[in-house]
Protein chains: 2
Amino acid sequence: MNKDKKPQENTILDIAEALKLSPATISRALNNHPHVKEKTKNDILKMAAQLGYRRNQMASGLRSNKTHTVGLIVPRISMFFHAEVITTIQNSLHKHGYNLIICQSNDLLTMEQELAEILYSSRVDALIVACTLQTTDFSHFNRLVDSGIPVIFYDRVPLDPYNATFIKGDDFRGGYLATSHLIETGGKRIAHISGKLTSNLYQDRTAGYRKAMEQHQLPINEDWVFHQELTHENAREAMSRMFEGPVVPDALFAANDVTAIAALEFAKENGIVVPDALKMIGYSNDPRTSIISPSLSTIEQHPDLVGKKIVEVLMDLLKNGHENAEVKAKPYVIPVDLIRRMSS
Amino acid sequence: MNKDKKPQENTILDIAEALKLSPATISRALNNHPHVKEKTKNDILKMAAQLGYRRNQMASGLRSNKTHTVGLIVPRISMFFHAEVITTIQNSLHKHGYNLIICQSNDLLTMEQELAEILYSSRVDALIVACTLQTTDFSHFNRLVDSGIPVIFYDRVPLDPYNATFIKGDDFRGGYLATSHLIETGGKRIAHISGKLTSNLYQDRTAGYRKAMEQHQLPINEDWVFHQELTHENAREAMSRMFEGPVVPDALFAANDVTAIAALEFAKENGIVVPDALKMIGYSNDPRTSIISPSLSTIEQHPDLVGKKIVEVLMDLLKNGHENAEVKAKPYVIPVDLIRRMSS
DNA sequence: TTGTAAGCGTTATCAC
DNA sequence: GTGATAACGCTTACAA
């Protein structure tokens, strides 16, 4: 098996031999080391190209303790927000000469733990993580952190103090903007379907909701505030519960777009006219929100800015180390924006 | 800088020392080598856990010439079909103890070439590729193929013979099904907006369209057959061109869902009633197609089956080598299905 | 069943 | 500027 697997992978020794130079010089030339004569370097580069030489990352990494590879753990890449963030990160890292290993936790804590181990094992130079919604304990990242490998959390970040860097959207403001918008367009009895409060995302979005309600002296009907897994089915169920009573909401702030879409679907099926009888707003600016009719108002999270900031912070960490631990204490906050559409 | 970066990464030597054994035995135990006493093995496993040992992939890979890592190059992960395929591949590979390095070419040939080099440099055990639409020359994969690294193409595959494995959807049948469906629901003057014919995808889908038209003895108006980049804007432009004449199509087969969505949008804006005046069908079953109204008929490509098949073939290749080159000559074809919705 | 020792391809530390 | 040489942490003949 694999008996044919050895067509002369060229190494620096081959280049050295061809040029009657020492491997050390080859290595230096290939790494742009200053003390190599210009001509020698050119010769080496030419010969390397001619032999089709490609550095063996494993050998290089083993020796230098640098892989030029960054790990990424994300719940799922198919979520629009994450897909955009990842794309920005990858393109940006590529410019800096870094690779990205993208891993999906499927929003499973056990998977996240396992992936952290695997990425440690691959000796990534840094790790970027958007946690699962269940992650409340972060000890599986300790090994990385303790080894001095920068760990950056984004979107879903630890609630308790943890020795890493955080980059998050302004979820409080997002919740506040969304709710205020519903109020300004005439909403009075505003419902809110949110996620479990184990995550900073929903804590903050809900807090923004409460703040806006309070500021406008609108009462909150706690029967209309849901904290549940934000699935299509759960959203429909919540809607049907709210709309079976004698008094019904006239507006809804959904903490993500999947929920908003499901709720809108429910409304359409049940003759609840949007926005006349029910104003609605979602969260994330998923592409579907602009396509559905009526189009859904939502909150733009600027995934590209999140990605850019992550790489910016990461490059700084990688270059300068992170001796200034106090900087990491406070999270970087990326602004959000209200997007007004036909649903409100 | 990084002066604090050495908190005793434990190695097999540390385990060996702690247990008064040789590193070789540790290595064997950790790799489930048969000739290790059960008790010794248990001791070693216990001690490894206690010391928080994690194999250094680079050292292991360098020595054994196996990285247990598979590379993946894809145009963009945010495309629904690819996101699903990737998720299936990753979860499936994970069960086999393999990691996946996901890279995006952004549908740029130069990027694809660069990524191929980088992944070779990382000495991935195998490579999975969905080419860019411009890729007609595949020599940048030669280095991998020549080194005996299995290369699997899926979705967008080389047109000319190339010494690798192909896994594709049944695009001919997809085009045929879509067009036949439009005909069955009453379409007579059927337009077709497709992609550039440099890609097998659009060659085949268009061929399926032509076949169905011919079979039903319907004439094809070549002014209504477009081969262009399948963007939102291009789709709208094609639509406006077709609908400015005195004779207009009564059905449209769009070769992807983005185009179908854009065309539907155009129809709605211009008072063309779908499906009464214009029947429509797209391709890929993008989540948006079921949300837009009227909901769009489309072709399901079963990304999960594609992913499963890829891993299945890959594992076989990795285990048994690929001495039987003739097997690779013919592509594996994944079936497609028609999804009927309100637009047709 | 276990130990010894060589070596994977690079880079770092000395010398010269 | 360049060349020896010794690691990096692990796997694997070959010995014992």
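Order of the sequence lines fixes the chain letters, A, B, ..., with proteins taken first and strands second; residue numbering starts at 1 for each chain.
Remark: A/Gln134 engages no residue in a side chain to side chain donor-acceptor pair (under 3.5 Å) (not counting sequence neighbours). With sequence neighbours left out, B/Lys168 forms a salt bridge (charged side-chain N to carboxylate O under 4.0 Å, His left out) with B/Asp204. With sequence neighbours excluded, the residues forming a side chain to side chain donor-acceptor pair (under 3.5 Å) with B/Thr132 are B/Thr135, listed by chain and number. By the salt bridge (charged side-chain N to carboxylate O under 4.0 Å, His left out) test, A/Asp304 pairs with no residue at all, sequence neighbours left out. In terms of the salt bridge (charged side-chain N to carboxylate O under 4.0 Å, His left out) criterion, residue partners of A/Glu117 (sequence neighbours excluded) are, by chain and number, A/Arg143, B/Arg54. Residues satisfying the salt bridge (charged side-chain N to carboxylate O under 4.0 Å, His left out) test with A/Lys41, not counting sequence neighbours, are none. Among residues two or more places apart in sequence or in another chain, the ring pair (Phe, Tyr, Trp, His ring centres under 6.0 Å) test is passed with B/Phe141 by B/Phe153. Taking B/Asp137 as the reference, B/Ser139 meet the side chain to side chain donor-acceptor pair (under 3.5 Å) condition, with sequence neighbours excluded.
Note on the helix from C/dT1-D/dA16 to C/dC16-D/dG1: angle between the axes of the first and last five pairs equals 30°, rounded to 10 degrees.
Side-chain contact of B/His94 with A/Glu114: a donor-acceptor pair under 3.5 Å is present, judged by distance alone.
Nucleotides of DNA chain C lying under 4.0 Å from heavy atoms of chain B occupy a range whose first and last members, 5' to 3', are C/dT1 to C/dG9.
Listed by first and then second residue, the side-chain hydrogen bond (donor to acceptor under 3.5 Å, both in side chains) pairs that reach into residues 42-51 of chain B are B/Lys39-B/Asp43, sequence neighbours excluded.
Where B/Lys20 and A/Ile26 meet DNA chain C, the nucleotide closest to each residue was compared, and B/Lys20 sits on the side nearer the 5' end.
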Heavy atoms under 4.0 Å is the rule here; annotate nucleotides 7-12 of chain D 5' to 3' with B where the base is hit, S where only the sugar-phosphate is, and - elsewhere.
BBBBBB
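Nucleotide D/dA15 holds its P atom 16 Å from the NE2 atom of B/His35, rounded to whole Å.
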